[in-house]
K.L.:
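This is the structure I have questions about; it appears just below.
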Amino acid sequence: MKRIMSKVYLCTAIPYVNGHPHIGHAMDYLLADTYARYRRGCGDEVRLQVGTDEHGNKVFRKAQDLGLTVEEFARENSDRFRHFVEKLNVQYTDFIRTTDPEHVKRCQEIWQRLEPHIYAAEYDGWYCEGCERFVTQKEYDENGGLCPDHQKPYEKLAEKNYYLRIQDFKDQIRAKIESGEMEILPVFRREEALRLLEDAPDISISRSRKQLSWGVEVPGDPEQVMYVWIDALSNYITVLGYPDEDIAAWWPATAQFIGKDILRFHAITWPAILLGLGLPLPKRLVTHGYVLADGQKMSKSIGNVVDPVAVLDKHGLEAFRYFFLRHIDTFADSDFSWEKFEDAYNNELANDLGNLVQRLATLCRKNQISGRPGFAIELAAEYQELMEKFEFTKAFDYVWKLVHAANRTIDAEKPWELAKKGETERLEEVLGGLVEQLLTIADLLAPFLPKTAEKIQEIFAKEQILPPGKPLFPKEAKK
RNA sequence: CGCGGGAUAGAGCAGUCUGGUAGCUCGUUUGGCUCAUAACCAAAAGGUCGUUGGUUCAAAUCCAACUCCCGCAACCA
């Protein structure tokens, strides 16, 4: 059956550049990249956006602390994320920075188009003179009304802000979530979003320039600067060229990948902006959970933050991708621990798969079995279904069944005995079948572990099969 | 009574919608094999399915109440 090639647009949340890449960022990227590779493998044309969110006071202040210009600091951190994405072998097509002049210009145009839904009102809240900023009620309560940095009580202060009238869109958003026009995955997040929507207030979308200088100026009001929402969220379409270019070929996005913490903004604020612009909503919001460290949320104060670069360095990229795509649940919170990571590497990658490649390649070489250049399969329906539902851990389980089956076949057929007995025909049949099995495994693995899939293909799609010079997944010498 | 998620073998999970002898992976023990990265294959041990009550011939699964963990609640991945 021939599929009609389609265009697929995938978006990842753009991280705020006041910090370094976190393991949670890797989840966005890996999920999106895996799906992107899967769809490319199906013959679709895929565009994958990544980028960085760079405005705001936190970045501004951090730059000052470090004695850098804010531009330098933002660029440095943006580059850090870009390198991280590349280190993860994510095939992105677009990298957007919210400080890109094009983006700034476009998001001002977006603001203007939204003006029928924008109104000015007094914002009043708790303000710290020393910090020169408002704090949330929550922060106020936590600190007992006293700024911890300046030991001064917060004062009640009011200033003009622009607000986006979320109320204009609530009914439409609810209808689109309920009808599945914008599908929110997993289902329990959809329920959560509908609940959040019920009492979603209008949101403040600007600050006075005194409050917030590092940001996009509000068109027609130089005293006001855009607060994060319109600036950051609109990146998903400004990167496509909106409103200068026609984006209908790519928008609505096939899927947007986000962490559960930003569900609210992507399920309410972002749809409101899109509806205000007369644009369709993304087809799916894929909401992943958190990566926990030994059962706890990673946090700087607890000091249990796992550095993704350290994990990458331990056993390499493929092991990293393997663990986070197979053992970190796509939707629920899951645990990372070094022990689990090591176990998965040794037992599954090295023993099950790596060793299988090794033993089969050796058997083939010894018995002069040739590879299968150009061998191609149709992806099994079960696998395709899982991939389409972003059930990546389950898709992996499916692949691993084939890995086990291959190991079982070798043990049951005992090719070495067939060779001894001179049963050449049977031998060729068995090993040939296994070679095809391995190439099938490589195809299924390709979206997850592109380099591993490639290596397997290099070995078994060649006329002459040779065992890899180095094991695919070397284990440390055990004593 | 803010909202949501969870509680199933030593660990991590599936099964719950559509009741019917409790399943997977890792770990443990034993056996087999020797092509292979001391890898692979097979078998076994191990669970009153959070608690209590109800419905039913039958409940991990449906209903009710309760207990305990975790997350979210204006940018903290």
K.L.:
Distance check needed: A39(B) P versus Y345(A) OH, whole Å only.
P.N.:
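Distance check: Y345(A) OH to A39(B) P gives 13 Å.
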K.L.:
Just to be sure I understand the rule, does G259(A) reach a base, reach only the sugar-phosphate, or reach nothing, if contact means heavy atoms closer than 4.0 Å?
P.N.:
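Result for G259(A) = nothing.
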K.L.:
Could you state the atom-to-atom distance from CG of L292(A) to P of G71(B) in whole Å?
P.N.:
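From L292(A) CG to G71(B) P: 8 Å.
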K.L.:
Checking side-chain contact (heavy atoms from CB on, under 4.5 Å) against E318(A), which of F473(A), F323(A), F448(A), Y345(A) comes through?
P.N.:
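Output: one option passes, namely F473(A).
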K.L.:
What nucleic acid atoms does V291(A) come within less than 4.0 Å of, heavy atoms only: base, sugar-phosphate, or nothing?
P.N.:
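Base contact.
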K.L.:
On RNA chain B, check which nucleotide each of R189(A) and H288(A) is closest to and give me the residue with the more 5' one.
P.N.:
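Nearest nucleotide further toward 5': that of R189(A).
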K.L.:
Take the protein atom CE of M226(A) and the nucleotide atom C1' of A74(B), then report the distance between them rounded to whole Å.
P.N.:
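These atoms are roughly 18 Å apart.
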K.L.:
By nearest atom, which of the nucleotides A77(B), A39(B), A36(B) is closest to the K366(A) side chain?
P.N.:
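From the listed options, A36(B) comes nearest.
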K.L.:
Would you check if the side chain of Q49(A) reaches a backbone N or O of T12(A) as a donor-acceptor pair within less than 3.5 Å?
P.N.:
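Judged by distance alone, yes, a pair lies under 3.5 Å.
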K.L.:
Considering just the side-chain nitrogens and oxygens of R365(A), establish if one lies under 4.0 Å of OP1 or OP2 belonging to C35(B).
P.N.:
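So the side-chain polar atoms of R365(A) never come under 4.0 Å of the phosphate oxygens OP1 or OP2 of C35(B).
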K.L.:
Name the closest nucleotide to the W229(A) side chain, picking from C35(B), G5(B), A74(B).
P.N.:
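The closest nucleotide is A74(B).
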K.L.:
Side chains of Y119(A) and D202(A): is there a donor and an acceptor less than 3.5 Å apart?
P.N.:
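There is such a pair between these side chains.
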K.L.:
Given the P atoms of U21(B) and C1(B), what is the spacing between them in whole Å?
P.N.:
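Those two atoms are separated by 44 Å.
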K.L.:
Give the C-alpha distance, both sets of side-chain angles, the deciding distance and a yes or no for side chain to side chain donor-acceptor pair (under 3.5 Å) between K62(A) and N77(A).
P.N.:
CA-CA 11 Å; K62(A) 203 126 182 201; N77(A) 272 326; over 6 Å; no
K.L.:
Looking across every strand, which nucleic acid part, if any, lies under 4.0 Å from L472(A) by heavy atom: base, sugar-phosphate, or nothing?
P.N.:
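Base, at least one base heavy atom under 4.0 Å.
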K.L.:
Taking for each residue the nucleotide of RNA chain B with the nearest heavy atom, is it F188(A) or D335(A) whose nucleotide lies nearer the 5' end?
P.N.:
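Result of the comparison: F188(A).
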K.L.:
Atom CZ of R264(A) to atom C1' of G4(B): distance rounded to whole Å?
P.N.:
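Value for this atom pair: 13 Å.
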K.L.:
Starting at CD of E458(A), measure out to CG of L466(A) and round the result to the nearest 0.5 Å.
P.N.:
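E458(A) CD to L466(A) CG: 12.0 Å, rounded to 0.5 Å.
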K.L.:
With C1' as the reference atom in both, quote the distance from U51(B) to U8(B) in angstrom, rounded to an integer.
P.N.:
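Here U51(B) and U8(B) have their C1' atoms 15 Å from each other.
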K.L.:
Without decimals, in angstroms, what is the distance between N346(A) CG and A36(B) P?
P.N.:
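Between P of A36(B) and CG of N346(A): 20 Å.
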K.L.:
Answer yes or no: side-chain N or O of N355(A) and base N or O of A36(B) forming a donor-acceptor pair under 3.5 Å.
P.N.:
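Between A36(B) and N355(A), which were checked side chain against base, a qualifying N/O pair under 3.5 Å is present.
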K.L.:
What nucleotide among A77(B), A39(B), C3(B) has an atom nearest to a side-chain atom of R195(A)?
P.N.:
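Among the listed nucleotides, the one closest to the side chain of R195(A) is C3(B).
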K.L.:
Establish, yes or no, whether the cationic atom of K260(A) lies under 6.0 Å from the six-membered ring centre of Y290(A) and within 45° of the ring axis.
P.N.:
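Geometry flag: set, cation within 6.0 Å and 45°.
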K.L.:
For a quick check under 3.5 Å, do H266(A) and Y236(A) share a side-chain donor-acceptor pair by atom type?
P.N.:
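On atom types as modelled, these side chains qualify, holding a pair under 3.5 Å.
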K.L.:
Heavy atoms only, 4.0 Å cut-off, all strands: where does P471(A) land among base, sugar-phosphate and nothing?
P.N.:
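Counting heavy atoms under 4.0 Å across all strands, the contact made by P471(A) includes a base.
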K.L.:
What stems show up for RNA chain B when you take Watson-Crick pairs (N1-N3 plus N6-O4 or O6-N4) and G-U wobbles (N1-O2, O6-N3), both under 3.5 Å, and require three or more consecutive pairs?
P.N.:
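Looking at RNA chain B, the stems formed by three or more consecutive pairs are B:2-7 with B:67-72, B:10-13 with B:23-26, B:28-32 with B:40-44, B:50-54 with B:62-66.
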K.L.:
Can you tell me how far P in G23(B) sits from the matching atom in A60(B), rounded to whole Å?
P.N.:
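One P to the other, the span is 13 Å.
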K.L.:
I'd like to know if the side chain of E54(A) reaches the main chain of R97(A), judged simply by a donor and an acceptor atom lying under 3.5 Å from each other, with no hydrogens or angles considered.
P.N.:
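Absent.
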K.L.:
Return the nearest nucleotide to the side chain of K260(A); candidates are G71(B), C35(B), U37(B).
P.N.:
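My answer, after comparing the listed nucleotides, is G71(B).
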K.L.:
State whether the distance check finds a donor on one side and an acceptor on the other, under 3.5 Å, for side chain R359(A) versus base C35(B).
P.N.:
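In this structure, the two groups form a donor-acceptor pair.
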K.L.:
For atom P, what is the distance between U55(B) and G46(B), given to the nearest Å?
P.N.:
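Result for the P pair: 34 Å, nearest Å.
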K.L.:
Look at the side chain of I410(A) and decide which nucleotide, out of C41(B), A77(B), C35(B), has an atom nearest to it.
P.N.:
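Looking only at heavy atoms from C-beta outward on I410(A), the closest nucleotide is C35(B).
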K.L.:
When the P atoms of A11(B) and G4(B) are compared, how many Å lie between them, rounded to an integer?
P.N.:
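Going atom to atom, P in each nucleotide, I get 29 Å.
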K.L.:
Once you round it to whole Å, what is the distance between P of C13(B) and CD1 of I328(A)?
P.N.:
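After rounding, the reported distance stands at 10 Å.
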K.L.:
Cut-off 3.5 Å, side chains only: do D231(A) and H103(A) have a donor facing an acceptor?
P.N.:
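Yes.
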K.L.:
Between the protein and nucleotides 26-33 of chain B, list every N/O to N/O distance that falls short of 3.5 Å.
P.N.:
residue	atom	partner	partner atom	Å
C26(B)	O3'	N347(A)	ND2	3.2
G27(B)	OP1	N347(A)	OD1	3.4
G32(B)	N2	D411(A)	OD2	3.4

K.L.:
Within this structure, what is the CG-to-P distance between L360(A) and U37(B), rounded to whole angstrom?
P.N.:
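It works out to 13 Å between those atoms.
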K.L.:
Between the side chains of R321(A) and N89(A), is a donor N or O closer than 3.5 angstrom to an acceptor N or O?
P.N.:
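Distance-only check fails for R321(A) and N89(A).
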K.L.:
Is it true that W400(A) and D352(A) share a donor-acceptor pair across their side chains at a distance under 3.5 Å?
P.N.:
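Side chains of D352(A) and W400(A): pair found under 3.5 Å.
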K.L.:
Measuring only the C1' atom in each nucleotide, how far is G19(B) from C62(B)? A whole number of Å is fine.
P.N.:
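It comes out at 8 Å once rounded to the nearest Å.
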K.L.:
In whole angstrom, give the distance that lies between atom CG of L427(A) and atom P of C35(B).
P.N.:
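Checked: the CG to P distance equals 13 Å.
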K.L.:
Please give the distance between the C1' atoms of U48(B) and U37(B) as a whole number of Å.
P.N.:
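The same atom, C1', in both gives a distance of 44 Å.
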K.L.:
Taking the C1' atom in each of A42(B) and C17(B), what is the distance between them to the nearest angstrom?
P.N.:
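Straight-line distance between the two C1' atoms is 37 Å.
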K.L.:
Side-chain N or O of K340(A) less than 4.0 angstrom from OP1 or OP2 on G12(B)?
P.N.:
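Answer no for this pair, as no side-chain N or O of K340(A) is under 4.0 Å from OP1 or OP2.
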K.L.:
Is the aromatic ring centre of Y290(A) closer than 5.5 Å to the centre of the six-membered base ring of A77(B), with the two planes inclined by less than 30°?
P.N.:
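Per 5.5 Å and 30° rule: yes, stacked.
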K.L.:
So, Y322(A) side chain and L449(A) main chain: donor-acceptor pair closer than 3.5 Å or not?
P.N.:
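No, the answer is negative, given that no donor and acceptor are paired below the 3.5 Å cut-off.
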